[in-house]
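Working notes for the structure below.
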Amino acid sequence: MSTRIPFLKGHGTENDFVIVPDPENAIDLPPAAVAVLCDRRAGIGGDGLLHVVRSAAHPEARHLAPEAEWFMDYRNGDGSIAEMCGNGVRVFARYLQRAGHVAEGDLAVATRGGVKTVHIAKDGDVTVGMGKALLPEGDVTVSVGERSWPARNVNMGNPHAVAFVDDLSHAGDLLSPPPFSPAAAYPDGVNVEFVVDRGPGRVALRVHERGSGETRSCGTGACAVAVAAARRDGADPTATGTPVTYTVDVPGGTLVITERPDGEIEMTGPAVIVAEGEIDAEWLTTATRA
């Protein structure tokens, strides 16, 4: 390993990430190293880490290389692996643009949740094709303290439980994962969104992201919320042939989510690179062993 590892820092609606460019997949990033880098006091700080690798160079993405040159090897802030991160894809695309790998317009990004289509607009916003939502059957309940709510089970390539509440403060501090039942609904844990209405076609959320705690934004969560809100409001674009759009306010900004008649979901929002520098590889090795 080189004595210096290049990195960048970016965010999408304040869901922030450490970005490690590694086209040939030459950098070893075990869970402990990722957790140290994402530590906000002892490391760089981030809700997660974007490991930027060419699909052909990564064993998990090699089969996707004909469709997408670049693979987003996404890790949660605790070092665990996640299937997808909607805000992360936008920031990933912004990095590729900054590095000169892509230009404005369309591109494809490989993720563990499949290949995502991305459009980088001239105004700076990035739109991501998030795929179709799956709505598993069965009742789900989430709880905070003595309160509990029915939740909609929505899968956006990763699992979500969406609960509509009277006040976002009812979500508590979200430091620990909110309890849910039945346990069999989410054997690998779940992202939990607490949602209030802000007006016609507009909602606001707070979220506990699996492996990261409360974050300022969650792209897949915003999509799950929009789908859950649409079904609650009696709207299903696949049945009516009419697209449905929700504006979703997150603590870090605003995302616009559209569900099309073919079931495909598009998410539009900002993506910003704020800094770049170098990681001291010796420090990282020492900190990981501590």
Side-chain angles (χ1 to χ4, degrees), residues 1-54 70-80 82 84-104 107 109 111 118 120-128 207 209 211-219 250-255 267-288 290:
M1 182 182 291
S2 169
T3 57
R4 298 283 175 177
I5 303 169
F7 82 94
L8 298 90
K9 180 73 182 287
H11 76 91
T13 50
E14 298 183 10
N15 193 188
D16 62 334
F17 309 97
V18 179
I19 305 163
V20 179
D22 183 21
E24 303 310 316
N25 199 27
I27 300 172
D28 184 27
L29 287 171
V34 173
V36 166
L37 289 171
C38 291
D39 188 296
R40 296 191 181 280
R41 294 185 181 274
I44 297 167
D47 293 323
L49 183 143
L50 305 176
H51 185 205
V52 183
V53 186
R54 282 197 167 87
W70 295 96
F71 173 54
M72 185 180 76
D73 176 17
Y74 180 68
R75 318 293 183 85
N76 293 315
D78 64 356
S80 60
M84 241 296 284
C85 175
N87 289 317
V89 173
R90 296 202 320 279
V91 175
F92 189 93
R94 176 69 74 227
Y95 163 73
L96 292 178
Q97 181 188 33
R98 178 189 177 103
H101 297 306
V102 303
E104 290 174 358
L107 69 144
V109 174
T111 76
V118 180
I120 303 174
K122 290 183 178 180
D123 66 5
D125 277 352
V126 179
T127 298
V128 180
V207 57
E209 283 199 62
S212 298
E214 182 172 15
T215 59
R216 300 282 293 169
S217 180
C218 177
V250 298
T254 299
L255 296 167
M267 173 187 62
T268 299
V272 182
I273 303 296
V274 299
E276 60 181 311
E278 294 181 327
I279 301 161
D280 185 319
E282 183 178 351
W283 161 81
L284 182 60
T285 299
T286 301
T288 300

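For clarity, every value in this text was computed on a predicted model and none was experimentally measured. When a residue number appears, it is its place in the shown sequence, counting from 1.
Rounding to the nearest 0.5 angstrom, the gap separating the OG1 atom in Thr111 from the CZ atom in Phe92 is 10.0 Å. To the nearest 0.5 angstrom, Ser217 atom OG is 10.5 Å from His11 atom NE2. Here the straight-line distance linking atom CG of Leu50 with atom OH of Tyr95 works out to 11.0 Å at 0.5 Å rounding. The distance from the CZ atom of Arg94 to the CD1 atom of Ile19 is 11.0 Å, given to the nearest 0.5 Å.
Contact detail for Ala103 and Ile120: the closest heavy-atom pair is O-CD1, 4.0 Å. Smallest separation of non-hydrogen atoms from Val36 and Ala287: CG1-CB, 3.7 Å. Between Phe17 and Gly12, the closest heavy-atom pair is CE1-N, 4.5 Å. Closest approach of Val118 and Ala93 over heavy atoms only: CG1-CB, 3.7 Å. Here the closest non-hydrogen pair linking Cys38 and Gly77 is CB-O, 3.6 Å. Between Leu29 and Leu37, the shortest heavy-atom distance links the atoms CD2-CD1, 4.3 Å.
Residues forming a side chain to side chain contact (heavy atoms under 4.5 Å, CB included) with Glu214 (at least two apart in sequence, or on another chain): Leu174, Arg206. Arg40 meets the salt bridge (Lys or Arg N to Asp or Glu O under 4.0 Å) test with Asp16, Asp47; sequence neighbours excluded. Applying the side chain to side chain contact (heavy atoms under 4.5 Å, CB included) test to Ala42 and every residue at least two apart in sequence or in another chain returns Asp39. The side chain to side chain contact (heavy atoms under 4.5 Å, CB included) test applied to Ala82 returns Tyr74, Asn76, not counting sequence neighbours. Ala32 is linked by a side chain to side chain contact (heavy atoms under 4.5 Å, CB included) to Thr288, counting only residues two or more places apart in sequence or in another chain.
With contacts defined as side-chain heavy-atom distances shorter than 4.5 Å, the pair Leu255/Asn87 qualifies. Taking the side chain as every heavy atom from C-beta outward, Ile44 and Phe7 approach each other to under 4.5 Å. Within the 4.5 Å cutoff, side-chain heavy atoms of Val52 are placed close to those of Leu96.
Looking only at distances, no side-chain donor or acceptor of Arg54 sits under 3.5 Å from a matching main-chain atom of Glu24.
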**Report entry** Step-by-step side chain to side chain contact (heavy atoms under 4.5 Å, CB included) determination, His51 to Val34
**Finding:** CA-CA 10 Å; His51 185 205; Val34 173; over 6 Å; no

**Report entry** Intermediate values then yes/no, side chain to side chain contact (heavy atoms under 4.5 Å, CB included), Asn15 and Glu209
**Finding:** CA-CA 11 Å; Asn15 193 188; Glu209 283 199 62; 3.7 Å; yes

Would you list the atom pairs, donor with acceptor, under 3.5 Å between side chains in residues 270-280 and any protein atom, with sequence neighbours excluded?
{"from": "Glu276", "atom 1": "OE2", "to": "Arg98", "atom 2": "NH2", "distance (Å)": "2.7"}
{"from": "Asp280", "atom 1": "OD1", "to": "Glu282", "atom 2": "N", "distance (Å)": "2.9"}
{"from": "Asp280", "atom 1": "OD1", "to": "Trp283", "atom 2": "N", "distance (Å)": "3.1"}

